[in-house]
Amino acid sequence: MTDRRTFPHEPPSPTPVRRRPLLLLTAVLVTGTALVMTGTATAAPLHTASGEFSARGLGGGVTIVPGRSGLVEISGYDGADLPAGSSLRLTAPAGARVTGTPLADTARFQGEVTADGATGTYTYVRDSGPGSWKDGGYPFALAVDARAVPGTRLPGCAVVLTDAGGSRRASGSCTVTVGMPVPTLTEPAGGTFVSGAARLAGTSYPGARVSVLDAAERKVCAGVARIDGTWSCTPDTPLPEGANRLHASAAFNGVSAVGEDVDFTVTARTA
């Protein structure tokens, strides 16, 4: 069996498994804890107190599984360079909180997160020379509530960039989408011997449609996860004798995830 990432609330795989990429909305794994997507939102030109404006709004996006954390990178500023004392603040959406400002360990920025996680702020502190805020994305760590429903978009995420005097120079929003937890296939266990018509079972998000696929991505059987998160199904056609490899794929509310490959052997009768 080959290793694939699992989340803390899911049962551990009994044998090593091969990593398969998660099929979440245009997402990638970040720091081993969550699935993240970055991007830039657009907005109408924002005029500043000095008469300058940013032609694009600030923005970014992320997909995070319930109970996990991810990074949203904010970018899109194209206005005048801003010197030391300028700051970028992100307000967390409903159902999430800011947990960190990763750039704060550099010499250029100080980071601050409020005790309740409602906001996170970067302040440019280099002693001399302008800070552009245009040289890449600015990451904020967000944690999503474990009760969040996969496929929903959390409202209220906002970002604002101000100069040293506190005047707004750019603003925008960020998109935080709740991702799909990875399903598990626990029966049969990896490395075991089973019959070709053996029951297949595992765990997934309650209400998710779970399909079991073979190594060639052919559907073996399908079921729906119960309220306790368990699911089961029996192969439509008995599995072939010999080495077999299966994995579970789950979909719910427009988002999906692929579980770990499980390798086992089918015999004429259960060993």
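No hydrogens, no waters, no symmetry mates; every other heavy atom, side chains included, goes into these values. The chain is numbered in sequence order, starting from 1.
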With rounding to the nearest 0.5 angstrom, report the [atom1] to [atom2] distance, [X] to [Y].
X      : Y      : atom1 : atom2 : answer
Tyr77  : Leu88  : OH    : CG    : 11.0 Å
Ser69  : Ile64  : OG    : CD1   : 7.0 Å
Arg209 : Ser256 : CZ    : OG    : 14.5 Å
Thr267 : Phe193 : OG1   : CZ    : 7.5 Å
Thr265 : Glu241 : OG1   : CD    : 11.0 Å
Ser211 : Leu246 : OG    : CG    : 12.0 Å

Test item: side-chain donor near acceptor, Ser232 and Arg226, under 3.5 Å: yes
I'd like to check [X] versus [Y] (side-chain heavy atoms, cut-off strictly below 4.5 Å). Are they in contact?
X      : Y      : value
Asp228 : Pro206 : no
Val65  : Val178 : no
Val62  : Leu71  : no
Leu200 : Val220 : yes
Arg97  : Leu142 : no
Val266 : Val194 : yes
Phe109 : Thr123 : no
Ser204 : Pro181 : no

Minimum heavy-atom separation for [X] and [Y], please, with both atom names.
X      : Y      : answer
Leu154 : Ala94  : CB-O, 3.4 Å
Val262 : Pro188 : CG1-O, 3.5 Å
Lys219 : Leu213 : CA-CD2, 3.5 Å
Val72  : Cys174 : CG2-CB, 4.2 Å
Gly137 : Ser75  : CA-CB, 4.2 Å
Ala250 : Ala208 : CB-CB, 4.3 Å

Residue pair Ser87, Leu161: steps toward the side-chain contact (heavy atoms from CB on, under 4.5 Å) verdict: CA-CA 6 Å; Ser87 62; Leu161 177 65; over 6 Å; no
Verdict with reasoning, Glu217 to Ser249, per side-chain contact (heavy atoms from CB on, under 4.5 Å): CA-CA 10 Å; Glu217 300 297 322; Ser249 175; over 6 Å; no
Verdict with reasoning, Thr203 to Thr230, per side-chain hydrogen bond (donor to acceptor under 3.5 Å, both in side chains): CA-CA 4 Å; Thr203 63; Thr230 62; over 6 Å; no
Taking [Y]'s backbone N and O only, do any of them form a donor-acceptor pair with [X]'s side chain (distance below 3.5 Å, no angle check)?
X      : Y      : value
Tyr122 : Leu103 : yes
Asp263 : Arg245 : no
Trp231 : Thr184 : yes

Arg153 atom CZ, neighbour heavy-atom count above 12 within 6.0 Å: no
From CA spacing to verdict: side-chain contact (heavy atoms from CB on, under 4.5 Å), His247, Val258: CA-CA 7 Å; His247 64 270; Val258 176; 3.6 Å; yes
Derivation of the salt bridge (Lys or Arg N to Asp or Glu O under 4.0 Å) call for Arg147 and Asp145: CA-CA 5 Å; Arg147 297 165 294 182; Asp145 193 291; 2.9 Å; yes
Criterion side-chain contact (heavy atoms from CB on, under 4.5 Å) on Asn253 and Thr152, from CA distance to verdict: CA-CA 8 Å; Asn253 202 21; Thr152 58; 4.0 Å; yes
Aromatic ring pairing Tyr138/Trp133, orientation class (parallel under 30°, perpendicular over 60°, tilted between): tilted
Aromatic plane relationship, Tyr205 with Phe252 - under 30° parallel, 30 to 60° tilted, over 60° perpendicular: tilted
Under-4.0 Å salt bridge between Lys134 and Asp81: yes
